[in-house]
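Heads up, the thing below is written out as structure tokens.
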Amino acid sequence: QLQLVESGGGLVQPGGSLSLSCAASGVTLDYYSIGWFRQAPGKEREGVSCISSSGGITNYTDSVKGRFTISRNKNTVYLQMNSLKPEDTAVYYCAAVAFKLCVLSQFPYDYWGQGTQVTVSP
């Protein structure tokens, strides 16, 4: 059974950076595409970024393009977040789907982590 654990969240000032990690256990991630999602209070969960199983394809939602970078190494997926803004404040989740391509919709993803809080505030 694949299990995902996020880490790296915290409180940061606007313009700062955070690096989130999504560590997998139980199953190798070689055949899974991974997505990062976030949910702010009172808002629906939205797709932030995803990376294909090979790592060769990445996608980003428009609001984070040029600021966030997704990458993967063995059984861990990373989300480097730079130039953070207050509107990036949310609980961030990683999710996995056994498919070679990735999408920013949450519906195909079968496995989810518990989330990590990111707060961007002066």
Side-chain angles (χ1 to χ4, degrees):
Q1 180 77 4
L2 174 61
Q3 294 183 322
L4 302 172
V5 178
E6 302 95 336
S7 61
L11 173 64
V12 64
Q13 293 185 342
S17 298
L18 282 175
S19 181
L20 304 184
S21 298
C22 173
S25 62
V27 175
T28 177
L29 279 185
D30 289 354
Y31 304 106
Y32 289 83
S33 291
I34 304 297
W36 280 99
F37 298 81
R38 65 186 179 187
Q39 188 166 21
K43 295 188 176 181
E44 293 186 354
R45 187 173 298 184
E46 67 166 338
V48 176
S49 180
C50 66
I51 187 165
S52 63
S53 58
S54 69
I57 298 173
T58 58
N59 289 318
Y60 299 90
T61 192
D62 286 346
S63 63
V64 308
K65 285 180 180 177
R67 300 189 297 122
F68 290 12
T69 303
I70 192 170
S71 62
R72 62 190 298 161
N73 182 18
K74 297 182 180 179
N75 258 28
T76 302
V77 176
Y78 305 94
L79 186 68
Q80 177 65 40
M81 306 186 296
N82 299 327
S83 303
L84 283 162
K85 305 175 181 180
E87 51 264 43
D88 294 319
T89 295
V91 178
Y92 283 70
Y93 302 88
C94 65
V97 59
F99 190 61
K100 61 181 180 180
L101 299 178
C102 74
V103 295
L104 293 180
S105 169
Q106 63 179 312
F107 296 107
Y109 291 85
D110 302 306
Y111 303 94
W112 290 82
Q114 82 290 348
T116 185
Q117 176 71 47
V118 171
T119 303
V120 184
S121 179

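Residues Ile70 and Leu84 share a hydrophobic cluster, clusters being chains of Ile/Leu/Val/Met/Phe/Trp/Tyr side chains in contact below 4.5 Å. Hydrophobic cluster membership differs between Phe99 and Tyr32, with clusters built from Ile, Leu, Val, Met, Phe, Trp and Tyr side chains linked at under 4.5 angstrom. Residue Leu101 is grouped with residue Val97 when hydrophobic side chains (ILVMFWY) are merged at heavy-atom distances under 4.5 angstrom, including chains of intermediate members. Side-chain heavy atoms closer than 4.5 Å link hydrophobic residues (I, L, V, M, F, W, Y) into clusters, and following such links, even through other members, never connects Val103 to Leu79.
Within the 4.5 Å cutoff, side-chain heavy atoms of Leu29 are placed close to those of Val77. Counting heavy atoms from C-beta outward, Asp88 and Arg38 have side chains that approach closer than 4.5 Å. You'll find the side chain of Cys50 stays beyond 4.5 Å of the side chain of Trp36, heavy atoms only. Between Tyr60 and Ser49 the shortest side-chain heavy-atom distance falls below 4.5 Å. Taking 4.5 Å as the limit, every side-chain heavy atom of Arg67 sits out of range of all side-chain heavy atoms of Met81. Counting only heavy atoms from C-beta outward, the side chains of Gln80 and Ser17 approach each other to under 4.5 Å. Side-chain contact between Asn73 and Tyr78 is present, with heavy atoms from C-beta onward closer than 4.5 Å. Between Val48 and Phe68 there is a side-chain heavy-atom pair separated by less than 4.5 Å.
To the nearest 0.5 angstrom, Tyr111 atom OH is 9.5 Å from Leu4 atom CG. With values rounded to the nearest 0.5 angstrom, Glu6 atom CD is found 8.5 Å from Leu20 atom CG. Distance CG/Asn82 to CG/Leu18: 9.5 Å, rounded to 0.5 Å. Note that OG1 of Thr89 and OH of Tyr92 are 7.5 Å apart. Values are rounded to the nearest 0.5 Å.
Heavy-atom contacts from other residues, nucleotides or ligands closer than 6.0 Å to CD of Gln13 number 12 or fewer.
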Validation: residues 115-122 side-chain donor-acceptor distances under 3.5 Å, sequence neighbours left out:
from   : atom 1 : to     : atom 2 : distance (Å)
Thr116 : OG1    : Gly9   : N      : 3.2
Gln117 : NE2    : Ala90  : O      : 3.4
Gln117 : NE2    : Thr119 : OG1    : 3.3

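Without hydrogens or angle criteria, Gln39 side chain to Glu44 main chain gives no donor-acceptor distance under 3.5 Å. Ser52 places no side-chain N or O within 3.5 Å of a backbone atom of Ser33 that could act as its donor or acceptor partner. Between the side chain of Gln3 and the main chain of Gly26, no donor-acceptor pair closer than 3.5 Å is present. A donor-acceptor pair under 3.5 Å is absent between the side-chain atoms of Ser21 and the main chain of Ala23, judged by distance alone. A donor-acceptor pair is defined here as one N or O able to donate and one able to accept, closer than 3.5 Å; no such pair exists between the side chain of Arg72 and the backbone of Gly55. Between the side chain of Thr58 and the backbone N or O of Ile51 there is no donor-acceptor pair closer than 3.5 Å.
In this structure, the ring pair (Phe, Tyr, Trp, His ring centres under 6.0 Å) partners of Tyr109, at least two apart in sequence or on a different chain, are Phe37.
Between Ile34 and Cys94, the closest heavy-atom pair is CG2-CB, 4.5 Å. Smallest separation of non-hydrogen atoms from Ile57 and Cys102: O-SG, 4.3 Å.
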Go through Val27 and Gln1 one step at a time and tell me if the side chain to side chain contact (heavy atoms under 4.5 Å, CB included) criterion holds.
-> CA-CA 6 Å; Val27 175; Gln1 180 77 4; 6.0 Å; no

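A salt bridge links Asp62 and Lys65; the closest N-O separation between the charged side-chain nitrogens and carboxylate oxygens is under 4.0 Å. A salt bridge is defined here as a Lys NZ or Arg NE, NH1 or NH2 lying under 4.0 Å from an Asp or Glu carboxylate O, and Lys74 with Asp30 fails to meet this definition.
Both tests hold for Arg45 against Trp112: distance to the six-membered ring centre under 6.0 Å, angle to the ring axis within 45°.
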